[in-house]
Q: 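Sharing a structure below in structure tokens format, with a few things to ask.
Quantities reported herein were computed from a predicted structural model and do not represent experimental measurements.
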Amino acid sequence: LRQQVLRNLIDETLQIQAAKTAEITVTEKDIDRTLERVAQGVKMTSAQLVEYLKASGSSGRSLRRQIAGETAWRRLQQAKSPPPLLLLCP
């Protein structure tokens, strides 16, 4: 478990660095919206989710960092993907 946590932390850091290099930003507002969606998915408020994480030995800060990394990586991948082809029918 410890190795997996360390690997995830390294991955998040690399994702955030790659996005910064590509000038892709993730704002606090972006993170707040995602945190709210995650909390709603488990029928909690974001504050309740953070408290649950604290009680479970984690933190809201680590979840926010994970959200930032995943969001940055997704945006980076989208930026690298070619636009979809539009088929024009005569």
Q: Can you name the residues that form a salt bridge (charged side-chain N to carboxylate O under 4.0 Å, His left out) with Lys20, not counting sequence neighbours?
A: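 Testing Lys20 for salt bridge (charged side-chain N to carboxylate O under 4.0 Å, His left out), a comparison that skips the adjacent residues, returns none.
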Q: Considering all heavy atoms of both residues, which atom of Ala68 and which atom of Ile31 are nearest to each other, and what is their separation?
A: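 Nearest heavy atoms, Ala68 then Ile31: CB-CD1, 3.8 Å.
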Q: Taking only residues two or more places apart in sequence or in another chain, which ones pass side chain to side chain contact (heavy atoms under 4.5 Å, CB included) with Gln40?
A: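 Counting only residues at least two positions away or on another chain, Gln40 forms a side chain to side chain contact (heavy atoms under 4.5 Å, CB included) with Glu36.
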Q: Would you please name every residue forming a salt bridge (charged side-chain N to carboxylate O under 4.0 Å, His left out) with Glu23, sequence neighbours left out?
A: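 Result, salt bridge (charged side-chain N to carboxylate O under 4.0 Å, His left out) vs Glu23: none returned.
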Q: Please report the closest heavy-atom contact between Thr25 and Arg75, naming both atoms and the distance.
A: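 Where Thr25 meets Arg75 most closely, the heavy atoms are O-NH1, 2.8 Å.
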Q: Which distance, rounded to the nearest 0.5 Å, do you find between the CG of Leu49 and the NZ of Lys43?
A: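 Here the interatomic distance stands at 14.0 Å.
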Q: Output all residues satisfying salt bridge (charged side-chain N to carboxylate O under 4.0 Å, His left out) with Arg33, sequence neighbours left out; order by chain, then residue number.
A: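 In terms of salt bridge (charged side-chain N to carboxylate O under 4.0 Å, His left out), with neighbours along the sequence ignored, Arg33 is linked to Asp30.
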Q: Do Ser46 and Leu35 make a side-chain contact, defined as non-hydrogen atoms from C-beta onward lying under 4.5 Å apart?
A: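 The answer is yes, as the side chains (C-beta and beyond) meet within the 4.5 Å cut-off.
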Q: Using side-chain heavy atoms (C-beta onward) and a distance below 4.5 Å, is Val50 in contact with Leu63?
A: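 SC-SC contact between Val50 and Leu63 ruled out.
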Q: Checking Ala18 now: which residues fulfil side chain to side chain contact (heavy atoms under 4.5 Å, CB included) with it, not counting sequence neighbours?
A: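 With sequence neighbours excluded, Ala18 shows a side chain to side chain contact (heavy atoms under 4.5 Å, CB included) to Trp73, Leu76, given in chain and number order.
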Q: Sub-3.5 Å donor-acceptor pair from the side chain of Thr13 to the main-chain atoms of Leu9, do we have one?
A: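 Checking the backbone N and O of Leu9 against the side chain of Thr13, a donor-acceptor pair under 3.5 Å is found.
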Q: Indicate the atoms forming the closest heavy-atom contact of Ser62 with Ser58, along with that distance.
A: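 Minimum heavy-atom separation between Ser62 and Ser58: OG-OG, 3.1 Å.
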Q: Between Gln48 and Thr45, is there a donor-acceptor pair closer than 3.5 Å when you use the side chain of the first and the backbone of the second?
A: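 Pair found, side chain donor or acceptor close to backbone of Thr45.
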Q: Just verifying a value: how many Å separate Ser56 OG and Glu51 CD, rounded to the nearest 0.5 Å?
A: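 Between Ser56 OG and Glu51 CD, I get 11.0 Å after rounding to 0.5 Å.
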Q: Side chain of Thr21, backbone of Gln17: donor and acceptor closer than 3.5 Å?
A: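 Answer holds: yes.
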Q: Taking Ile10 as the starting point, is it possible to reach Val5 by hopping between hydrophobic residues whose side chains are less than 4.5 Å apart?
A: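 Shared cluster, no.
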Q: What are the two closest heavy atoms between Ile24 and Ala79, and how far apart are they?
A: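 The answer is CD1-CB, 4.2 Å.
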Q: Taking only residues two or more places apart in sequence or in another chain, which ones pass salt bridge (charged side-chain N to carboxylate O under 4.0 Å, His left out) with Asp32?
A: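 Scan of Asp32 (salt bridge (charged side-chain N to carboxylate O under 4.0 Å, His left out), adjacent residues dropped) gives Arg64.
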Q: Taking all heavy atoms of Arg65 and all of Ile16, pick out the closest pair and write down the distance.
A: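 Answer, listing the atom of Arg65 first, then Ile16: NH1-CD1, 4.0 Å.
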